[in-house]
Amino acid sequence: MNKKRTKTVLDILNETYSGAKCGLDFTSHYELLVSTILSAQCTDVRVNIIAKQLYKEYNTPESMITLSAMQLGEKIKSCGFYNNKSKNILGATKIILEKHNGKVPNTMEELIKLPGVGRKTANVVLSNAFGIPAIAVDTHVFRVSNRIGLASGKNVEIVEQQLMKNIPKKMWSDAHHFIIWHGRKICKARKPNCEICPIAPYCEYLNGK
């Protein structure tokens, strides 16, 4: 997709999803980090239900670390992969307490050192907690970007780099949310609703490139 078409698509997405934001509910950097770890292969809706109960008592590193992996696992069981997630959350919490004075780090380098935190999770935290421009490539962003032509890559790292190159930096965080919501509402995985898609005239998938 050339620059002119990319700008047109971004303008339409901006108009269509203006005000779109992170689907996870959080009141602190730490809550966002934990919720993002929980969200792996789980819907934001389910994570928010789990988190609402969990954060009533365990919404800080100091309180979370009092739980055992088994205890935390029971509390997050309905999100799937709860054994690994509970271990990762507690492992990340331990590092945050011991190396970062109880504060979630605000750099990619430090975030990806935390258990359960890859580039996607780190970018979600950087963007939504710290206001740092970032594009988190989740399943929606990966699928939609490749499908409509904003990027063309076989893995998330390539797609992330291409999106960062093709989208103005000041729009990275907003565009990330626009693309996610477009994937949820219209450009769905199995059956995209092309007939109601506002960017249909510019979509490479629909128009055969």
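Basis for what follows: all heavy atoms, side chains included, without hydrogens, waters or symmetry-related copies. Quick caveat, the model's predicted, so the values are computed rather than measured.
- For the side-chain contact (heavy atoms from CB on, under 4.5 Å) criterion with Leu72, the lone passing option out of Lys85, Met64, Lys77 is Met64.
- Between Cys22 and Leu32, some side-chain heavy-atom pair lies under the 4.5 Å cut-off.
- Judged purely by atom type and a 3.5 angstrom limit, Asn83 has no side-chain atom pairing as donor or acceptor with the backbone of Gly73.
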Check the pair Tyr30 / Thr93 against side chain to side chain donor-acceptor pair (under 3.5 Å), numbers first and verdict last. CA-CA 9 Å; Tyr30 180 71; Thr93 300; 2.6 Å; yes

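- Within the 4.5 Å cutoff, the side chain of Leu163 has heavy atoms near those of the Ser145 side chain.
- In terms of hydrophobic clustering, with Ile, Leu, Val, Met, Phe, Trp and Tyr side chains grouped at heavy-atom distances under 4.5 Å, Ile158 and Phe142 are assigned to different clusters.
- Judged by distance alone, with hydrogens and angles left aside, the side-chain atoms of Glu31 form no donor-acceptor pair with the main-chain N or O of Asp25 at under 3.5 Å.
- Of the possible donor and acceptor atoms, none in the side chain of His100 sits under 3.5 Å from a partner among the backbone N and O of Pro105.
- For the pair Lys75/Gln53, no side-chain contact is recorded, criterion being any heavy-atom separation below 4.5 Å from C-beta on.
- When the side chains of ILVMFWY residues are joined at heavy-atom separations under 4.5 Å, either directly or via intervening members, Ile49 and Tyr58 end up in two distinct hydrophobic clusters.
- At least one side-chain heavy atom of Cys187 sits under 4.5 Å from a side-chain heavy atom of Arg147.
- Under the 4.5 Å side-chain criterion, counting only non-hydrogen atoms from C-beta, Ile148 is not in contact with Glu204.
- Val141 and Val47 fall into different hydrophobic clusters, where Ile, Leu, Val, Met, Phe, Trp and Tyr residues are linked whenever their side-chain heavy atoms come under 4.5 Å apart, directly or through other members.
- Using modelled atom types, no side-chain atom of Asn101 and backbone atom of Lys103 make a donor-acceptor pair closer than 3.5 Å.
- At most 12 non-hydrogen atoms from other residues, nucleotides or ligands lie less than 6.0 angstrom from CZ of Phe81.
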After noting the C-alpha distance and the side-chain angles of Asn59 and Leu54, does the key distance pass the side chain to side chain contact (heavy atoms under 4.5 Å, CB included) rule? CA-CA 7 Å; Asn59 66 336; Leu54 178 65; over 6 Å; no

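- In this structure, a donor-acceptor pair under 3.5 Å is absent between the side chains of Tyr55 and Ser28.
- Between the side chain of Trp181 and the main chain of Ala20, no donor-acceptor pair closer than 3.5 Å is present.
- When side chains are defined from C-beta on, Leu97 counts as touching Glu62, because their heavy atoms get closer than 4.5 Å.
- Met108 and Val104 fall within the same hydrophobic cluster, defined by Ile, Leu, Val, Met, Phe, Trp and Tyr side-chain heavy atoms under 4.5 Å apart, directly or through other members.
- The CG atom of Asn14 sits 10.0 Å away from the NZ atom of Lys7 when rounded to the nearest 0.5 Å.
- Residue pairs meeting the side-chain hydrogen bond (donor to acceptor under 3.5 Å, both in side chains) criterion with at least one member in residues 189-203: none, sequence neighbours excluded.
- Within the 4.5 Å cutoff, the side chain of Ile199 has no heavy atoms near those of the Ile186 side chain.
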Passes side chain to side chain contact (heavy atoms under 4.5 Å, CB included), His140 versus Ile179? Steps please. CA-CA 7 Å; His140 291 298; Ile179 297 169; 5.9 Å; no

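- In terms of hydrophobic clustering, with Ile, Leu, Val, Met, Phe, Trp and Tyr side chains grouped at heavy-atom distances under 4.5 Å, Ile12 and Met171 are assigned to a common cluster.
- A side-chain contact (heavy atoms from CB on, under 4.5 Å) with Leu150 holds for exactly one of Val159, Thr6, Asn166; it is Thr6.
- Ile180 places a side-chain heavy atom less than 4.5 Å from the side chain of His176.
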Considering only distance and modelled atom types, tabulate donor-acceptor pairs under 3.5 Å from the side chains of residues 38-45, sequence neighbours left out.
from  : atom 1 : to     : atom 2 : distance (Å)
Ser39 : OG     : Thr36  : O      : 2.7
Thr43 : OG1    : Arg46  : N      : 3.1
Asp44 : OD2    : Arg184 : NH2    : 2.7

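- Rounded to the nearest 0.5 Å, atoms NZ (Lys113) and CD1 (Ile95) are 9.5 Å apart.
- Among pairs with a residue in residues 121-139, those fulfilling side-chain hydrogen bond (donor to acceptor under 3.5 Å, both in side chains) read Asn123-Glu160, Ser127-Ser173, Asn128-His177, at least two apart in sequence or across chains.
- The distance from the OG1 atom of Thr107 to the CD1 atom of Ile132 is 8.0 Å, given to the nearest 0.5 Å.
- Using a distance-only test at 3.5 Å, with no hydrogens or angles considered, a donor-acceptor pair links the side chain of Gln71 to the main chain of Ser68.
- With hydrogens and angles ignored, the 3.5 Å screen pairs a side-chain donor or acceptor of Arg143 with a backbone N or O of Gly183.
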